[in-house]
Amino acid sequence: MAEQYAPAPVMVATNNGDAYQDEDGFHLDLERYWIEARTLKYWLAGIIALGVVAGLIVTLLSTPLYRANARIEVSQVAANVTDLDPLESEGLVSELQYLNTQYELLESRFMAVRIVEAGNLMRDEEFVEAFNLAEEEDLTQQDVEDLLLENINIAPITQSSLVDIQFSSSSAGLSANITNLWAEEFISANYEKRFGANIEARDFLRDQIEELREQLSISERELVEYANANEILVLDNLGAASSSESPSQTLIASDLAALNTALAAAVTDRIAAQAAVMSGDFPGQDPRNQMRTALIASEAELASLESNFGPGYPELIQKRAEVEALKESLSSGSRNALQAATLRENELRRQLEQAKGRFLGQQGQGIQYGILEREVDTNRELYDALLQRFKELEASGAGQNNLKLIDSASVPEEPYAPSLIQNMLIALVASLLLAGGFVYLRVVLSQTLRDPQDVQRRLGLPMLGMIPKIRTENIAEEILRRSSELSEAYKSARTNLSFLTPQGAPKALMLTSSVPAEGKSVSAAALATSFSHLGKRVLLIDADLRNSKLANTLGVKGHGKGGLAALLTNNAPLGSEAIKLEDFGFDYVPIGHKPPNPVELLASPRFAELIDEARGTYDQVLIDGAPMLSLADAIEMSRAVDGVIYAIETDRLKMRAIETSINRLRRTGAQVYGAIVTKLDEHGAAYGYGYGYGYGYGYGEDAAPANAD
């Protein structure tokens, strides 16, 4: 088979056709959506018009609503009853928390309950009429509360402590009354919360102070009695204040610390004395150092005498005795010092063990003593704090409310809803979104080939030709007329075929499609005619042995000879069954009689021999093959030809079905050179693939489209 001149670019297809990915990255096919919108322009206009009309109807049928507005000021107050956990931080975060708390209280069910009770709304005729509650048989207070919460709106003023209270209803007077009532009840509730509990708080604190005073007296008495009973003498801890963090020190603990220090010094002395006995080294101020110096000098003199005189020399004997005496003195002195240090260490260790025993005996008592002492401290702190807070409450009494009514609500003169402009804008935006969704669904759900560029983007095949849809029944006449739109389109396809290989168009080409009536037979006839116009000897073989339409397309009446079926069953030469079509300028081999076993005939070596014979006789051989469907005819024929041209009808089959058919061909080793898109209508023109002749050129608009394959 001949090689393809230029490989098709690698494409990654998507399932919906609205986006794809190529070598340059990801692209969104906005043009596809725009063309689809232009195609559906009347539908989209209807959707938008219906949306606007619906917005207008809703506005006209809606009940007018009146909103009243009252404004209050919320000043921050740090309320504290016991002052045990003071809230003294008045920073930005604390202020925001306080304001947000007030906003939540304003629209809480607590306020709804107060309003229902204060305004007696269950029996208020204006309220019942405004909300159409007269027909409600099982109306409860909770239902009324829910109505209030649904229609109340709290609107804080940014960067201020002001907040607006708004209530809306179908009655202007009712909206103003409930708004003012809401503001008044909230201010009253806040005042009651702040100052209504002062007397109760003072009584509560008085009782608590009396109780704490008694507890403090009892805890102090228990602490003193426990210390006296257990002979616990407490010393000040180096002048530090006695507290839970710096506990006081007992007399026994102080003695234990002193004995431990003395024992450490005795151990050090004993180790030093033991080292002196073993090494002969003494501390710098030790008198034995002078004795050691004298010993060294005497040993030196003894060595000198021994070198000069014999062992019986009197001075030598005297000096040797002196050296021995000095050594004995040093040895006995070191042993005496070590013995004294050891005795002192043992005595201190004995006294330390006795002190430790007394301390351990008193340690459990110290734990209980610390518990009693901390209880005294805690009771004293609580007593002082409550006493201080009680004095503050006595002095404060009742103060001013931190909430103030700035503007009371007046009766609104005009309704705020429904707003014609707002509703129309909402309807317009909603209808535009609905129209956009409609276009998007059309593109996503339309899995057919509508944009010819999808051949390259999604199928990975070169675009060889784009054939317009012809509204006439006489296709042969359009093929023969060189100036027709159909002929011009196939001339362009023929030119593209000539660039497939360096030698020109592949010599033996088969045309196939996914299903019948996609235009492959018309394409085969038109391409054969176009090649003959170049002066080439062209052979067109009708190889659709199951359901051929090529003879009808060419206007050939009857088969005349045995055709391709006869050639496949005998060894007759190819020319014996070829028919010369003078009008078209090429030779034509019809199918002859339909055989019962077309696949076996096409898969036989005889078909490949016929194609090889045609290559030697003709300049161009075109085979009109059977459609793919689930048949093997086209696959078997593809083994004998140089390559395959795939015909695809616009906006007919799902892209997945086309991909499956092409992949079947490729898996068998067939060379698929490219695709011809047929029956391109106004949608193709919208994509910019017109030929300048105008669709329907020379044909009546009412003519039925051709159904030839």
To the nearest 0.5 angstrom, please state how far the [atom1] atom of [X] sits from the [atom2] atom of [Y].
X      : Y      : atom1 : atom2 : answer
Leu554 : Phe586 : CG    : CZ    : 5.0 Å
Lys520 : Thr678 : NZ    : OG1   : 11.5 Å
Asp146 : Asn151 : CG    : CG    : 11.0 Å
Leu497 : Ser492 : CG    : OG    : 9.5 Å
Ile635 : Met628 : CD1   : CE    : 4.0 Å
Ile57  : Ser62  : CD1   : OG    : 11.0 Å

Problem - With Ala417 via side chain to side chain contact (heavy atoms under 4.5 Å, CB included) - residues at least two apart - result: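 Here the qualifying residues are Leu65.
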
Is the shortest side-chain heavy-atom distance between [X] and [Y] below 4.5 Å?
X      : Y      : value
Phe584 : Leu540 : no
Ile645 : Ser523 : no
Asp619 : Phe531 : no
Leu564 : Asp542 : no
Arg639 : Leu602 : no
Leu574 : Thr617 : no
Leu601 : Phe607 : no
Leu610 : Ile541 : no

So, the side chain of [X] versus the backbone of [Y]: is there a donor-acceptor pair under 3.5 Å, distance only?
X      : Y      : value
Ser175 : Ala68  : no
Ser487 : Ser483 : no
Arg606 : Thr569 : no
Asp642 : Ala508 : yes
Asn69  : Gln166 : no
Ser431 : Leu428 : yes
Lys507 : Arg615 : yes
Thr512 : Tyr646 : no
Ser513 : Pro627 : no
Glu577 : Val589 : no

Problem - Heavy-atom neighbours of Leu60 CG exceed 12 at 6.0 Å - result: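 Yes, because the 6.0 Å sphere around CG of Leu60 holds more than 12 heavy atoms from other groups.
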
Distance-minimising heavy-atom pair for [X] and [Y]:
X      : Y      : answer
Ser171 : Ala130 : CB-CB, 4.3 Å
Phe131 : Ser168 : CZ-O, 4.3 Å
Asp624 : Ala524 : CB-CB, 4.2 Å
Asp544 : Ile591 : O-CG2, 3.7 Å
Met510 : Ala634 : CE-O, 3.4 Å
Tyr618 : Ala578 : OH-CB, 4.2 Å

Handout entry: salt bridge (Lys or Arg N to Asp or Glu O under 4.0 Å) assessment of Glu659 paired with Arg656
Key = CA-CA 5 Å; Glu659 291 172 352; Arg656 183 168 297 177; 5.5 Å; no

Problem - For Arg666, salt bridge (charged side-chain N to carboxylate O under 4.0 Å, His left out) partners two or more places apart - result: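 Salt bridge (charged side-chain N to carboxylate O under 4.0 Å, His left out) check on Arg666 returns nothing, list empty.
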
Exercise for the section: Would you list the pairs meeting side chain to side chain donor-acceptor pair (under 3.5 Å) in which at least one residue belongs to residues 41-58, sequence neighbours left out? Expected result: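 Every pair satisfying side chain to side chain donor-acceptor pair (under 3.5 Å) with a residue in residues 41-58: there are none.
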
Practice task
Step by step, work out the side chain to side chain contact (heavy atoms under 4.5 Å, CB included) result for Leu680 and Ile467.
Solution key: CA-CA 6 Å; Leu680 198 65; Ile467 312 304; over 6 Å; no

Practice task
Apply the test side chain to side chain contact (heavy atoms under 4.5 Å, CB included) to residues Leu509 and Gln620: give CA-CA distance (whole Å), side-chain angles for both, the deciding distance (0.1 Å), then the verdict.
Solution key: CA-CA 8 Å; Leu509 290 172; Gln620 190 69 49; 4.1 Å; yes

Handout entry: Working for side chain to side chain contact (heavy atoms under 4.5 Å, CB included), residues Val599 and Leu631
Key = CA-CA 8 Å; Val599 177; Leu631 307 176; 6.0 Å; no

Problem - The single option from Arg494, Glu488, Lys491 passing side-chain hydrogen bond (donor to acceptor under 3.5 Å, both in side chains) against Ser530 - result: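 Per the side-chain hydrogen bond (donor to acceptor under 3.5 Å, both in side chains) rule, the option paired with Ser530 is Arg494, out of Arg494, Glu488, Lys491.
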
Exercise for the section: Applying side chain to side chain contact (heavy atoms under 4.5 Å, CB included), run through Met424 and Ile421 and close with a yes or a no. Expected result: CA-CA 5 Å; Met424 295 302 290; Ile421 297 177; 5.9 Å; no

